[in-house]
Undergrad: 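Quick one: this structure, given as structure tokens, is what I'll be asking you about.
In what follows, chains carry the letters A, B, and so on, assigned in the order in which the sequence lines appear, proteins first and then strands, with residues in each chain numbered from 1. Please read all numbers here as calculations on a predicted model, not as lab measurements. What you see below is based on every heavy atom in this structure, not just the backbone, and it leaves out hydrogens, waters and symmetry mates.
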Amino acid sequence: MRTSQYIIATLKETPSDAEVISHQLMLRAGMIRRLASGLYTWLPTGLKVVRKVEQIVREEMDKAGALEMLMPVVQPADLWEESGRWQEYGPELLRIKDRHNRDFALGPTHEEVVTEFVRKEINSYKQLPLSLYQIQTKFRDEVRPRFGVMRSREFVMKDAYSFHLSQESLQQTYDKMYQAYCNIFERLGLDFRPVIADTGSIGGDASHEFHVLAESGEDDIAFSTESSFAANIEKAEALAPKDTADAATQELTLTDTPNAKTINDLVEQFSVNIEKTVKTLIVKASDDVDAEYIALVVRGDHELNEIKAEKLDEVASPLEMASEEAIRDVMGASAGSLGPINCPIPVIVDRAAAVASDFSAGANVDGKHYFGINWSRDLELPTVADIRNVVEGDPSPCGEGTITIKRGIEVGHIFQLGTKYSKAMNAGVLTETGKHQVLEMGCYGIGITRIVAAAIEQNHDKFGIKWPNALAPFQVAIVPMNMHKSHRIPDIANAIYDKLVAKGIEVLFDDRKERPGVMFNDMELMGIPHQIVIGERNLDNNQVEYKSRTTGDKELLDVDDAVDFVLNQIKNA
RNA sequence: CGGUGUUUAGCGCAGCUUGGUAGCGCACUUCGUUUGGGUCGAAGGGGUCGCAGGUUCGAAUCCUGCAACACCGACCA
């Protein structure tokens with residue numbers, strides 16, 4: 001490709017609304033442009049990268065035995081009524097009406113459609129197991145689209161679905177997919193980790209997320225320092241402390257604390273150790289409980305884990321924090337002065353808070369806290385549960401080492417769905433014995449467009465993107481200097497270009513009448529891994545210069561060796 | 001959905017307090033100059049100042065309403 005025939009569309013300045021580096025670089029490198037909130041146009045350079053990702057995913061899915069198909073983006077509401085998700089899914093599901101006033105949705109995912117397909121077409125156990133996938137545009141009406149294509153409303157996703165007679169068969173395919181995902185991210189050249197995950201609203205049993213590690217990630221991942229254990233912080237268990245509470249050394253005292261509204265205030269004003277404080281959060285109770293609200297108690301330095309909390313039988317799901325008015329109504333005090341003593345509603349205390357001694361907490365009277373509280377002595381120890389986020393240094397749930405926490409970008413997610421959709425939509429086959437049996441299902445997603453952004457988060461420097469070879473929109477950039485003033489330069493540049501193209505290499509030949517600095521900067525911004533610089537100075541010695549974008553290394557090559565050298569660089573990368 | 005803020009050329013911004021010919025940098029076009037890391041000079045094109053209404057002789061500027069967008073929070077495969 002010659003730049004004169006192409007859209008370079010690079011930007012010198014960073015658009016003001018791009019916060020994360022991948023968003024900035026994708027705009028500056030001329031990969032994407034924003035059309036509206038959460039909607040992006042892919043320019044030729046960006047699309048080339050998307051296609052690279054798609055192709056690798058496609059090859060590995062095919063290898064894993066999945067069959068590619070393509071389902072509609074627009075889906076009839078009836079199917080969603082059948083699965084129950086027309087009600088459940090909420091405003092993220094964009095609903096539309098056709099000219100006959102019939103309800104449809106823009107597909108955020110395709111469990112319903114694929115299940116409908118399978119229940120019609122697959123009738124016998126002999127046709128199982130079956131894995132189907134597609135690579136397609138999805139739409140989710142995100143509350144808050146941000147970070148460019150990292151969290152956009154419209155995005156390209158690979159979604160796969162598998163169907164089985166038994167849980168064992170599902171497990172086998174799940175394992176195969178797990179391996180296929182590892183292969184994919186390996187081939188993409190990304191630093192990634194599979195992590196144990198919550199199944200979220202899709203529902204089901206086993207689940208892993210695949211995360212690309214990056215500072216800008218939106219998820220916290222808990223790793224063990226000693227083993228390969230990794231889990232989304234939502235799911236990482238905070239083990240019960242081995243020790244029991246220390247013996248009480250302080251008297252219970254009620255103290256005026258008019259200016260202590262937060263744990264930090266309390267710690268600063270009364271110089272107490274933050275680990276000797278607890279905070280009390282009020283949430284809606286579930287219908288199982290004979291109370292409208294439940295108090296959750298965690299140590300002052302810990303954070304409530306909402307996923308864990310809403311899984312408790314006593315707590316309403318989805319989790320709902322009590323409003324300020326409700327708190328005042330129920331507790332008789334405002335949020336800054338709550339505590340477990342004299343608490344009028346049921347209390348659930350976190351494992352760590354349950355072994356605190358001589359600790360302080362609100363008194364459920366405005367402007368008053370208790371100090372020197374001890375469980376058993378001053379109040380009965382309530383129900384204990386794991387309701388907090390793990391923190392650095394906690395013992396790892398796998399039993400080996402301690403926890404470290406890193407940020408990750410979720411680029412893939414695999415689930416064992418079980419029979420959630422097949423049962424609701426009555427998808428089954430006849431077994432060997434002629435009995436009708438509901439299918440076990442698995443579902444496997446990869447965010448294609450999100451991977452493009454994640455790859456940039458992981459591979460960039462101050463000059464721009466540094467594409468891993470597998471993702472680069474072009475393998476080689478030819479940068480001829482002052483070509484219009486020379487006969488030699490265009491001759492050599494064209495010859496090298498033709499030879500590389502004949503070898504099937506994607507080459508970007510910068511034939512613009514630009515200054516060298518402009519060309520260098522654009523090629524580096526776009527992250528093209530291999531650069532050949534052709535100028536009069538080196539041609540006097542019959543040489544051209546090679547430069548690697550990844551390492552920055554430069555090397556002088558004989559003109560005749562240049563093509564083979566570059567081919568080797570590409571092959572060995 | 002709440003809080004805050006923004007909206008003036010393709011992009012980044014000034015002008016608004018105190019109403020009076022719409023500006024700057026980058027980008028774009030043409031010419032010249034320069035040529036191994038975003039050169040320099042000259043000339044040029046490009047705007048219903050987010051939309052609607054109001055006040056006024058006169059509104060980018062003041063008032064009212066609306067919209068879009070962004071950030072923080074809540075939410076979320």
Undergrad: Can you build the contact string for nucleotides 4-9 of chain B? Use B for base contact, S for sugar-phosphate-only contact, and - for no protein heavy atom under 4.0 Å.
TA: ------
Undergrad: Both distances under 3.5 Å, Watson-Crick or G-U wobble: report the partner of B:C1, or none.
TA: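 Because both required distances fall under 3.5 Å, B:C1 counts as paired with B:G73.
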Undergrad: Name the pairing partner of B:U34, where a pair is Watson-Crick or G-U wobble with both distances under 3.5 Å, or state none.
TA: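 Across all strands, not a single nucleotide pairs with B:U34.
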Undergrad: Show each protein N/O and nucleotides 68-70 of chain B N/O combination with a separation under 3.5 Å, one pair to a line.
TA:
unit_1, atom_1, unit_2, atom_2, d
B:C69, O3', A:Arg34, NH1, 3.4
B:A70, OP2, A:Ser37, OG, 3.3

Undergrad: Applying a 4.0 Å non-hydrogen cut-off, can you work out what A:Glu209 is touching in the nucleic acid: base, sugar-phosphate, or nothing?
TA: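 No contact at all - A:Glu209 keeps every heavy atom at 4.0 Å or more from the nucleic acid.
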Undergrad: For nucleotides B:A60 and B:C13, find the distance between their P atoms and express it as a whole number of Å.
TA: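 Pairwise P distance, B:A60 against B:C13, rounds to 23 Å.
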Undergrad: Using distance only, find each side-chain donor-acceptor pair of residues 26-38 of chain A under 3.5 Å and give its atom names and separation, not counting sequence neighbours.
TA:
unit_1, atom_1, unit_2, atom_2, d
A:Arg28, NH1, A:Leu11, O, 3.2
A:Arg33, NH1, A:Leu27, O, 2.9
A:Arg33, NH2, A:Ala9, O, 2.9

Undergrad: B:U8 and B:A42: how far apart are their C1' atoms, nearest whole angstrom?
TA: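 28 Å, rounded to whole Å.
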Undergrad: Please enumerate all protein N or O atoms sitting under 3.5 Å from an N or O of nucleotides 34-37 of chain B, with distances to 0.1 Å.
TA:
unit_1, atom_1, unit_2, atom_2, d
B:U34, O2, A:Arg515, NH1, 2.5
B:U35, O2', A:Asn482, ND2, 2.4
B:U35, O2, A:Asn482, OD1, 2.6
B:U35, N3, A:Asn482, OD1, 3.0
B:U35, O4, A:Lys485, NZ, 3.2
B:G36, O2', A:Arg537, NH1, 3.3
B:G36, O6, A:Asn538, ND2, 2.8
B:G36, N1, A:Asn538, ND2, 3.3
B:G36, N2, A:Glu545, OE1, 2.6
B:G36, N2, A:Glu545, OE2, 3.0
B:G37, O6, A:Lys547, NZ, 2.8
B:G37, N1, A:Glu524, OE1, 3.2
B:G37, N1, A:Glu524, OE2, 2.9
B:G37, N2, A:Asn521, OD1, 3.3
B:G37, N2, A:Glu524, OE1, 2.5

Undergrad: Going by salt bridge (charged side-chain N to carboxylate O under 4.0 Å, His left out), name the residues that satisfy it together with A:Lys308, two or more places apart in sequence or in a different chain.
TA: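 Partners of A:Lys308 by the salt bridge (charged side-chain N to carboxylate O under 4.0 Å, His left out) criterion, ordered by chain and then number, come out as A:Asp386.
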Undergrad: Mind calculating the distance between CZ (A:Arg28) and P (B:A27) to the nearest angstrom?
TA: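 After rounding, the reported distance stands at 13 Å.
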Undergrad: Any donor-acceptor pair, under 3.5 Å, between the side chain of A:Arg146 and the base of B:C71, if you only look at N and O atoms?
TA: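 No, the side chain and the base share no sub-3.5 Å donor-acceptor pair.
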Undergrad: Please report the shortest heavy-atom distance between A:Leu439 and A:Ser422, naming the atom on each side.
TA: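 Residues A:Leu439 and A:Ser422, closest heavy atoms: O-OG, 2.5 Å.
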Undergrad: Does any pair with a residue in residues 516-543 of chain A pass salt bridge (Lys or Arg N to Asp or Glu O under 4.0 Å), and if so which ones, sequence neighbours excluded?
TA: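 Matches after skipping sequence neighbours: A:Arg488-A:Glu536, A:Arg488-A:Asp540, A:Arg512-A:Asp522, A:Glu524-A:Lys547.
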Undergrad: In whole Å, what is the span from the CD1 atom of A:Ile7 to the P atom of B:C28?
TA: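 To the nearest whole Å, that distance equals 15 Å.
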Undergrad: Would one find a side-chain N or O of A:Lys12 under 4.0 angstrom from OP1 or OP2 of B:A27?
TA: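 Yes, such a contact exists.
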Undergrad: What distance, rounded to whole Å, do you find between the two P atoms, one in B:C49 and one in B:U61?
TA: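 Comparing P positions in B:C49 and B:U61 gives a spacing of 10 Å.
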Undergrad: With C1' as the reference atom in both, quote the distance from B:G19 to B:U56 in angstrom, rounded to an integer.
TA: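 Here B:G19 and B:U56 have their C1' atoms 9 Å from each other.
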Undergrad: Under the salt bridge (charged side-chain N to carboxylate O under 4.0 Å, His left out) rule, collect the residues that match up with A:Asp511, sequence neighbours excluded.
TA: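 A:Asp511 satisfies salt bridge (charged side-chain N to carboxylate O under 4.0 Å, His left out) with no other residue.
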Undergrad: A:His110 side chain to A:Pro72 main-chain N or O, any donor-acceptor pair under 3.5 Å?
TA: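 Yes; at least one donor-acceptor contact below 3.5 Å.
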Undergrad: When the P atoms of B:G2 and B:G46 are compared, how many Å lie between them, rounded to an integer?
TA: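 Looking at atom P only, B:G46 and B:G2 are 43 Å apart.
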Undergrad: Report the distance from atom CG of A:Leu11 to atom C1' of B:C26, rounded to the nearest whole Å.
TA: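 These atoms are roughly 10 Å apart.
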Undergrad: With sequence neighbours left out, what residues match A:Phe139 under ring-ring contact (aromatic ring centres under 6.0 Å, His included)?
TA: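 Listed in chain order: nothing, the list is empty.
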Undergrad: List the residues meeting salt bridge (charged side-chain N to carboxylate O under 4.0 Å, His left out) with A:Glu112, not counting sequence neighbours, and say none if there are none.
TA: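 Counting only residues at least two positions away or on another chain, A:Glu112 forms a salt bridge (charged side-chain N to carboxylate O under 4.0 Å, His left out) with A:Arg85.
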Undergrad: I want to confirm an ordering. Mapping A:Pro15 and A:Glu234 to their closest nucleotides on RNA chain B, which one lands closer to the 5' end?
TA: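 Result: A:Pro15.
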Undergrad: Ring pair (Phe, Tyr, Trp, His ring centres under 6.0 Å): which pairs involve residues 517-543 of chain A, sequence neighbours left out?
TA: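 Matches after skipping sequence neighbours: A:His530-A:Tyr546.
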Undergrad: Under the salt bridge (charged side-chain N to carboxylate O under 4.0 Å, His left out) rule, what do A:Asp220 and A:Arg407 come out as? Steps first, then yes or no, please.
TA: CA-CA 5 Å; A:Asp220 283 310; A:Arg407 305 286 284 175; 2.9 Å; yes
Undergrad: May I have the distance from A:Glu303 (atom CD) to B:A74 (atom C1'), rounded to whole angstrom?
TA: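 Going from A:Glu303 (CD) to B:A74 (C1'), I get 14 Å.
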Undergrad: Tell me, with the steps shown, if A:Val212 and A:Asp191 meet side-chain contact (heavy atoms from CB on, under 4.5 Å).
TA: CA-CA 6 Å; A:Val212 165; A:Asp191 183 14; over 6 Å; no
Undergrad: Please state how far atom CD in A:Glu112 lies from atom C1' in B:A77, giving the value in whole angstrom units.
TA: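 Nearest whole value for this atom pair: 14 Å.
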Undergrad: Is the cationic atom of A:Arg95 (NZ for Lys, CZ for Arg) positioned less than 6.0 Å from the six-membered ring centroid of A:Tyr89 and within 45 degrees of its normal?
TA: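 So A:Arg95 doesn't make the cation-pi contact.
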Undergrad: With sequence neighbours excluded, give me every side chain to side chain donor-acceptor pair (under 3.5 Å) pair touching residues 442-453 of chain A.
TA: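 Passing the test, one end in residues 442-453 of chain A: A:Ser162-A:Tyr444.
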Undergrad: What's the CZ-P distance between A:Phe415 and B:A77, to the nearest Å?
TA: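 Between P of B:A77 and CZ of A:Phe415: 8 Å.
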Undergrad: Would you mind telling me which residue lines up with the more 5' stretch of RNA chain B, A:Glu92 or A:Thr14, judged by nearest nucleotide?
TA: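 Whichever sits nearer the 5' end wins; that is A:Thr14.
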Undergrad: A:Lys420 has an atom NZ; how far is it from atom P of B:A77, in whole Å?
TA: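 For the pair A:Lys420 NZ and B:A77 P, the rounded distance is 11 Å.
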Undergrad: If the P atom of B:C71 is compared with that of B:G32, how far apart are they to the nearest Å?
TA: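 It comes out at 46 Å once rounded to the nearest Å.
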Undergrad: If B:C66 has a Watson-Crick or G-U wobble mate with both distances under 3.5 Å, name it; if not, just say none.
TA: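 Answer to the pairing question: B:G50, which forms a Watson-Crick or G-U pair with B:C66.
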Undergrad: Using a heavy-atom cut-off of 4.0 Å across all strands, would you classify A:Glu218 as base, sugar-phosphate, or nothing?
TA: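 It contacts nothing in the nucleic acid.
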Undergrad: Check salt bridge (charged side-chain N to carboxylate O under 4.0 Å, His left out) between A:Asp103 and all other residues, then give those that pass, not counting sequence neighbours.
TA: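 A:Asp103: salt bridge (charged side-chain N to carboxylate O under 4.0 Å, His left out) contacts with A:Lys97.
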Undergrad: Which value, in whole Å, describes the distance between the P atoms of nucleotides B:U33 and B:G23?
TA: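 That atom pair is separated by 32 Å.
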Undergrad: Look through every strand shown and name the nucleotide pairing with B:A60 as Watson-Crick or G-U wobble, where both distances are under 3.5 Å.
TA: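 By the stated definition (distances under 3.5 Å), nothing pairs with B:A60.
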Undergrad: What is the base-pairing partner of B:U21, counting Watson-Crick and G-U wobble geometry with both distances under 3.5 Å?
TA: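 Pairing partner, where one exists within any strand: none, as none qualifies.
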Undergrad: With both distances under 3.5 angstrom, what nucleotide forms a Watson-Crick or G-U wobble pair with B:U29?
TA: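 B:U29 is paired with B:A43.
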Undergrad: Let's test this: given Watson-Crick or G-U wobble pairing with both distances under 3.5 Å, identify the partner of B:C16.
TA: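 For B:C16, the partner nucleotide comes out as none, under the 3.5 Å rule.
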Undergrad: In whole angstrom, what separates A:Ile8's CD1 from B:G10's C1'?
TA: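 About 17 Å, once rounded to whole Å.
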Undergrad: Given B:C76, B:G25, B:A77, identify the nucleotide with an atom nearest to the side chain of A:Glu13.
TA: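 Of the candidates, B:G25 comes closest.
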